2 protein chains.
Amino acid sequence: MLMHLTPTSLPRPHSLSELGLAADFDPLIGLSEFTYRRGSEIYGEKEPAEYIYQVKSGTVRSYKLLSDGRRQINAFHVPGDVFGLTYGGNHRFTAEAVADTTLRLTKRESLTAAAENDGTLTRDLLRMTTTNLRHAEDHMLLLGRKTSMERVAAFLIEMDRRLTAAGILALPMPRRDIADYLGLTIETVSRSLSYLRELGVIRFIDNNQRHIVLVDKQQLAVFDRQN
Amino acid sequence: MLMHLTPTSLPRPHSLSELGLAADFDPLIGLSEFTYRRGSEIYGEKEPAEYIYQVKSGTVRSYKLLSDGRRQINAFHVPGDVFGLTYGGNHRFTAEAVADTTLRLTKRESLTAAAENDGTLTRDLLRMTTTNLRHAEDHMLLLGRKTSMERVAAFLIEMDRRLTAAGILALPMPRRDIADYLGLTIETVSRSLSYLRELGVIRFIDNNQRHIVLVDKQQLAVFDRQN
DNA sequence: CGGGTGCTTGAAGACTATCAATCGTTGTGG
DNA sequence: CCACAACGATTGATAGTCTTCAAGCACCCG
């Protein structure tokens, strides 16, 4: 069986062709790179979608805002991930660079136009959209029914799966982003992490406790026995 | 611009062809109807996906369970809606009839096989998947960041949009389903509805207060000013 | 070296959940 | 036909989880 290469769970970095976009299609796409500073906006919600993106390095957050500032981050995009796909013409989220980030850009129009005549490409889009849908479905369960401990454990497991090297997990995003991804506050996230540390399930490696975490996956999974 | 016909927001009933499945494709599909009793299972999570479905009459709930019984309903399917699509081979949810429900079934295999040679069909699948994704994205914001009042108001607005006739909203699902859709308990749902009634925003029409609600959309929207 | 930023920790509060009782409707059986 | 059990919804009282408010700490950078 073919391995599923997906926008949200790739070892990285990958080329577009490895993502399922036909290699011989590359020439049709105007590929260019662009670097975004930490905190800068890549696109805004409701803006016309001009490009689709692949993360070359760095991390991106994608979110929706309520009028009073409440924020829900629906996804983090790490190297290898493709994001910015929308079937309609407008973006449904705001995307920002969590850290300094380099992206590969592709004109959306050239892609959708090409998809008109290329069933394989359309199927690739379908597969990537399906992958996003799966992630959203799992995240609904987390947001609707899991406790704060389960959410944080699930987050660590997800991030470990997606961006760990050698058992060491370097979280690129601040607590606020984690909180807004999990539907919690930064204090609750912090307390959950502290508790996991007290239990010896995780460890902070560096003096600056912010970014580096060591995980004991076995025990961690106990806190979020996946359904 | 073409109106978007979507699995989750159709006036009903619709034929498959009206849903974007090419009319001339119908002959390829083994169309058959089946009726499910209230409460019976249509398919289970992780089961191989053999069919896709369109609701002819009735209502379907689609959900995930945690091992201890916590449930997250991700969607209700009402007449006209297509559901059961999965890009992979297995279902990712359990689907049950909320009320007595009649469905049109289509062999999934005949559909995906046909999609191999039919770009239009693949694009239709892409569009339907995208519609599901949009709904999931909006629901993540609701589950992650909205208050109980906002959730209930949003639910009433959604249901009003999708299945109201003449300003009267006949909710086909019990409180427990509403609660599990909104990430709340039945008591909180009930209290929120009572509060909206005290405020004169909604009304219960029949003596049996369970199913019929009258909505003042204007005021209701105030309780869930969409972002 | 001092201010800024992000994280942690503590205390108090609020919103929602839990536990429990009651009500109204439905359906069944004597 | 009526009584009563069963079920879903509502309402009340209490509890608990997570949030809010606040203070303190560590690191970074100018």
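In what follows, every chain begins at residue 1, and chains take the letters A, B, ... in the order their sequences are listed. Just so we're clear, the structure is a prediction, and the values are computed from it rather than from any experiment.
- Phosphate contact (OP1/OP2 of D:dG8, side-chain N/O of B:Arg176, threshold under 4.0 Å): absent.
- Distances shown here put a side-chain N or O of A:Arg197 below 4.0 Å from the OP1 or OP2 atom of C:dT9.
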Interface polar pairs with nucleotides 13-15 of chain D, N/O, under 3.5 angstrom:
residue: D:dA13; atom: N6; partner: B:Arg191; partner atom: NH2; Å: 3.3

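- Distances shorter than 4.0 Å separate some side-chain N or O of A:Ser194 from OP1 or OP2 on C:dT9.
- Judged by distance alone, the side chain of B:Thr129 and the main-chain N or O of B:Leu125 form a donor-acceptor pair under 3.5 Å.
- Few gaps surround CD on A:Glu33; more than 12 heavy atoms of other groups in view lie less than 6.0 Å from it.
- When rounded to the nearest whole Å, the span between CG of B:Leu184 and P of C:dT18 equals 11 Å.
- Checked for salt-bridge contact, A:Lys64 and B:Asp138 meet the test: a charged N lies under 4.0 Å from a carboxylate O.
- Here A:Ser190 does not reach the OP1 or OP2 of C:dT9: none of its side-chain N or O atoms lies under 4.0 Å away.
- A donor-acceptor pair under 3.5 Å is absent between the side-chain atoms of A:Arg162 and the main chain of A:Met159, judged by distance alone.
- Here the P atom of nucleotide C:dG10 and the OH atom of A:Tyr195 are 15 Å apart, to the nearest Å.
- Remark: of the listed residues B:Val201, B:Ile202, B:Asp224, B:Ile202 is the sole one forming a side-chain contact (heavy atoms from CB on, under 4.5 Å) with B:Leu156.
- Salt bridge status for B:Glu198 with B:Arg191: absent, with no side-chain N to carboxylate O gap under 4.0 Å.
- The closest donor-acceptor contact from the side chain of B:Arg104 to the backbone of B:Gln54 lies at 3.5 Å or more, if one exists at all.
- Nearest nucleotide to the A:Thr185 side chain, out of C:dT8, D:dA9, D:dT20: D:dT20.
- B:Glu198 places its CD atom 12 Å from the P atom of D:dT10, with the value rounded to the nearest Å.
- Contact annotation for B:Ser148: backbone-only contact, meaning every heavy-atom pair under 4.0 Å involves sugar-phosphate atoms and none involves a base.
- Here A:Leu193 lies out of heavy-atom contact (under 4.0 Å) with every strand.
- Classification of A:Arg61 and A:Glu96 as a salt-bridged pair holds, one side-chain N sitting under 4.0 Å from a carboxylate O.
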Between protein and nucleotides 20-22 of chain C, what N or O pairs are separated by less than 3.5 Å?
none

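- For the pair A:Met173 CE and C:dC7 C1', the interatomic distance rounds to 16 Å; values are reported in whole Å.
- We find that CG of A:Asp177 is positioned 14 Å from C1' of C:dC7, with the value rounded to whole Å.
- Side-chain rings of B:His139 and B:Tyr181 approach one another, their centers coming within less than 6.0 Å.
- Between A:Arg71 and A:Asp180, at least one side-chain N (NZ, or NE/NH1/NH2) sits under 4.0 Å from a carboxylate O, which counts as a salt bridge.
- Rounded to whole Å, atom C1' of D:dT19 lies 13 Å from atom CZ of A:Arg151.
- Ring centroids of B:Phe83 and B:Phe93 are separated by 6.0 Å or more, keeping the two rings apart.
- For A:Asp180 and C:dG6, the CG to P distance is 13 Å, given to the nearest whole Å.
- Summary of the strand contacts: A:Val189 and A:Arg145 both lie near DNA chain C, and taking for each the nucleotide with the nearest heavy atom, the more 5' one is attributed to A:Val189.
- At a non-hydrogen distance threshold of 4.0 Å, nothing from residues 65-73 of chain A comes into contact with DNA chain D.
- Between A:Ile186 atom CD1 and D:dC21 atom P the separation is 12 Å, expressed in whole Å.
- Phosphate proximity of D:dT19 to A:Thr188: present, with a side-chain N or O under 4.0 Å from OP1 or OP2.
- Of the charged side-chain nitrogens involved, none lies within less than 4.0 Å of a carboxylate oxygen, so that B:Arg38 and B:Asp100 do not count as a salt-bridged pair.
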